[in-house]
Amino acid sequence: MAAPRSGAPCIPGIFCRGTCSRGKTGHGILPVSETEEIIRIAARGDGVTASGRHISGGVPGDTVGEDGTLTAGPHHADPPCRHFPVCGGCQLQHVDEEALRQFVTDRVVGAAKAQDLAVGEVLATQLSPPRSRRRATLHALKTAQGAVLGFRESGSHRIVNMQECHILVPQLFALVEPLRKLIGRYGGRQAVDVELTLVDQGVDCTLKGIEADGLAATEALLDFARENSLARLSVDRGFGPETSWEPEPLTVGLGDIAVPFPHSSFLQPTVDGERALVADALDFLDGATTVADLFSGLGTFAFALAGPRKVLAVEAARDAHLACKAAANGRQIPVHTLHRDLFRNPLQADEASRFGALVLDPPRAGAREQVVQIAASEATRVAYISCNPVSWSRDARVLVDAGFRLEKLRPVGQFRWSTHVELTSYFTR
């Protein structure tokens, strides 16, 4: 590349050896031959060059000089939110749709490669759209001017005072300003955690750490719930959530089944993400007449798979187990529920052998103890849904070493613009 003519625009981070429009003459920015291109995004969101340099804010196609100057490439996007990149709710708003999809895909496929797992078919990556997150925990703190409320900064306890959000569903974001006023009035010295979940009846809101004692405060909380049409308002003063407002019992629709929703129950973060996970489970386990749903929660997969299949739903959390049981019994659905801690007491090999197929959706730690028993069993079909590609890959290695084949693998990005990645997978032997 020739040096720019006098008065030509300088290309920051690439070169400027002539006299440019910035009035500089040969001001030493690196020649193009010394730049590197960002080729991928690392697990924590940094751009990575072929030589292994990690560049904060780098996107595949960007170029970086030896001095760290970054020049945007074709996949660098304008972040839609004013709070990016300070807010810890998102790490990848500067990445366009194509590169974001590739990041999610690479995280999952890379985890499989790290364990030397052969994949029969990598299915199309599922990405949830903006403003689709139906559950979130925000943080708030009373200040001299009122209160700040939002997500925390990445790696910090400092709260970003949320003025807009491109990941929350509108029903949750609509509560930000009313909550800020409430906490500005009744918050204490400590931070308040605000759990928000969109359920069938509206928004379920739990406040942890708020100092709202006395008749006036109680009436203010009830007014807040009524004025904002909350489905439920609960206050946790350190002894678990206590319901202050719940006009009718809360439920969450799992397929066409209304399942009771206990406090702080797990729910897939987006509706479209849940549909994608369920659709894969149905496809993977087609033809099985008996299924064990392990780490079943409220029954996201159990109710989708049941009828004509018979399903055993196994869950350690007592409230979730009872909610699933109540919904199954109330609708006479062929879901048998079992309250059992699968970490301390996994389904044994002989028990797992009795089912035509198994589905697992464990926490981020994975399901090591349970997978060891499945590997030792006579089971031949396993659908494994995971929210952590690393722990999943370790468990997958155990299954493959026991003779299973990884037939299908789908990367899933429900936490849009986040480095948090999920997946569905299907094993047979």
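The first residue of the sequence shown is numbered 1, and numbering continues consecutively from there.
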* Are Q268 and T300 linked by a side-chain donor-acceptor pair shorter than 3.5 Å? -> no
* How about D78: does its CG atom have over 12 heavy atoms from other parts shown lying under 6.0 Å from it? -> no
* To do: Decide if the gap between the ring center of F343 and the ring center of F295 is smaller than 6.0 angstrom.
  => yes
* Do T419 side-chain atoms and R44 backbone N/O form a donor-acceptor pair below 3.5 Å? -> no
* **Gap separating the CZ atom of R394 from the CZ atom of R397, nearest 0.5 angstrom** => 14.0 Å
* Asked: Does Y384 reach the side chain of V371, with side-chain heavy atoms less than 4.5 Å apart?
  -> yes
* **With sequence neighbours excluded, residues passing side-chain contact (heavy atoms from CB on, under 4.5 Å) with S264** => E195
* Enclosure of K325 NZ (heavy-atom neighbours >12, cutoff 6.0 Å) -> no
* Do you know which two heavy atoms are closest between I167 and C90, and how far apart they sit? -> CG2-SG, 3.7 Å
* Structure fact -> Interatomic distance, CG@L117 vs CG@L409, rounded to 0.5 Å, equals 9.0 Å
* **Pairwise distance CG(L92) to OG(S418) - rounded to 0.5 angstrom** => 7.0 Å
* **Result of checking R275, R410, K408 against D280 for salt bridge (Lys or Arg N to Asp or Glu O under 4.0 Å)** => R410
* Which is it for L347 and R340 under the side-chain contact (heavy atoms from CB on, under 4.5 Å) test, yes or no, and what are the steps along the way? -> CA-CA 9 Å; L347 215 65; R340 183 164 170 174; 3.8 Å; yes
* To do: Return the set of residues passing side-chain hydrogen bond (donor to acceptor under 3.5 Å, both in side chains) with R180 (not counting sequence neighbours), or none when no residue passes.
  => N161, E177
* How far apart are the C-alpha atoms of R416 and E97, what are their side-chain angles, what is the distance that settles it, and do they pass the salt bridge (Lys or Arg N to Asp or Glu O under 4.0 Å) test? -> CA-CA 10 Å; R416 187 176 184 84; E97 193 78 2; 2.5 Å; yes
* **Backbone N/O of D286 and side chain of R381: donor-acceptor pair under 3.5 Å** => yes
* Asked: Is the side chain of E369 donor-acceptor paired with the backbone N or O of P346 at a distance under 3.5 Å, no angle test?
  -> no
* Asked: Under the criterion side chain to side chain contact (heavy atoms under 4.5 Å, CB included), which of L168, V203, L267 is the partner of R134?
  -> L267
* Asked: Going through the distances and angles, do R107 and L423 end up as a side-chain contact (heavy atoms from CB on, under 4.5 Å)?
  -> CA-CA 10 Å; R107 282 290 313 282; L423 62 92; over 6 Å; no
* Among D96, D62, T71, the one residue meeting side-chain hydrogen bond (donor to acceptor under 3.5 Å, both in side chains) with H76 -> D62
* Backbone N or O of F261 within a donor-acceptor pair of the S265 side chain at under 3.5 Å? -> no
* Asked: Taking all atoms of both residues into account, what is the closest heavy-atom pair of T270 and G273, and its distance?
  -> OG1-N, 2.9 Å
* Asked: Are any of the side-chain heavy atoms of L100 and L127 separated by less than 4.5 Å?
  -> yes
* Would you give the length of the straight line joining atom CG of L285 to atom CG of L358, rounded to the nearest 0.5 angstrom? => 8.5 Å
* Would a 4.5 Å heavy-atom cut-off, applied to side chains only, mark S234 and T243 as touching? -> yes
* Relative to each other, are the rings of F415 and H420 parallel, tilted or perpendicular (30° and 60° limits)? -> perpendicular
* Establish, from distance only, whether the side-chain atoms of S128 and D272 form a donor-acceptor pair under 3.5 Å. => yes
* Approximate separation, where rounding is to 0.5 Å, of R232 CZ and S244 OG -> 11.0 Å
* To do: Report the residue from Q91, H54, R40 that forms a side chain to side chain contact (heavy atoms under 4.5 Å, CB included) with D46.
  => H54
* Asked: Do the side chains of V109 and V119 get nearer than 4.5 Å, heavy atoms only?
  -> no
* Using a 4.5 Å cut-off on heavy atoms from C-beta on, say whether the side chain of C205 contacts that of V194. => yes
* Structure fact -> Tightest non-hydrogen contact, residues T337 and C324, listed as CG2-SG, 3.7 Å
* Asked: Between the side chain of S156 and the main-chain N/O of E153, is any donor-acceptor distance below 3.5 Å?
  -> no
* Asked: Mind checking whether W392 and F427 have parallel, tilted or perpendicular rings, split at 30° and 60°?
  -> tilted
* Under 3.5 Å, side chain of H339 to main-chain N/O of A316, donor-acceptor pair present? -> yes
* Which heavy atom of P80 sits nearest a heavy atom of W417, and at what distance? -> CG-CH2, 3.9 Å
* For the residue pair D395 and L360, establish whether any side-chain heavy-atom pair is separated by less than 4.5 Å. => no
* Donor-acceptor under 3.5 Å (S353 side chain, E378 main chain) -> yes
* Structure fact -> By ring-ring contact (aromatic ring centres under 6.0 Å, His included), H166 pairs with (sequence neighbours left out) none
* Side chains of T206 and H263: donor-acceptor distance under 3.5 Å anywhere? -> no
* **Non-hydrogen atoms of L298 and L254 that approach each other most closely** => O-CD1, 3.8 Å
* Asked: Are T137 and D193 close enough that a side-chain donor and a side-chain acceptor fall under 3.5 Å?
  -> no
* E164 side chain to R82 main-chain N or O, any donor-acceptor pair under 3.5 Å? -> yes
* Measure the CZ-CZ distance between R131 and F173 for me, rounded to the nearest 0.5 Å. => 8.5 Å
* Hey, is the main chain of A317 close enough, under 3.5 Å, to the side chain of E315 for a donor-acceptor pair? -> yes
* Which pair of non-hydrogen atoms, one from A327 and one from A258, has the smallest distance, and what is that distance? -> CB-O, 4.1 Å
* To do: Apply side-chain contact (heavy atoms from CB on, under 4.5 Å) to L175 and L230, showing your working.
  => CA-CA 9 Å; L175 287 170; L230 294 185; 3.7 Å; yes
* Asked: Hey, which of N228, V192, L221 is the one that makes side chain to side chain contact (heavy atoms under 4.5 Å, CB included) with L182?
  -> L221
* More than 12 heavy atoms of other residues, nucleotides or ligands under 6.0 Å from CZ of R185: is that the case? -> no
* **Expected output: side-chain E422 to main-chain I385 donor-acceptor under 3.5 Å** => no
* Stepwise, does the side-chain contact (heavy atoms from CB on, under 4.5 Å) test hold for L179 with L207? -> CA-CA 10 Å; L179 280 165; L207 304 175; 4.0 Å; yes
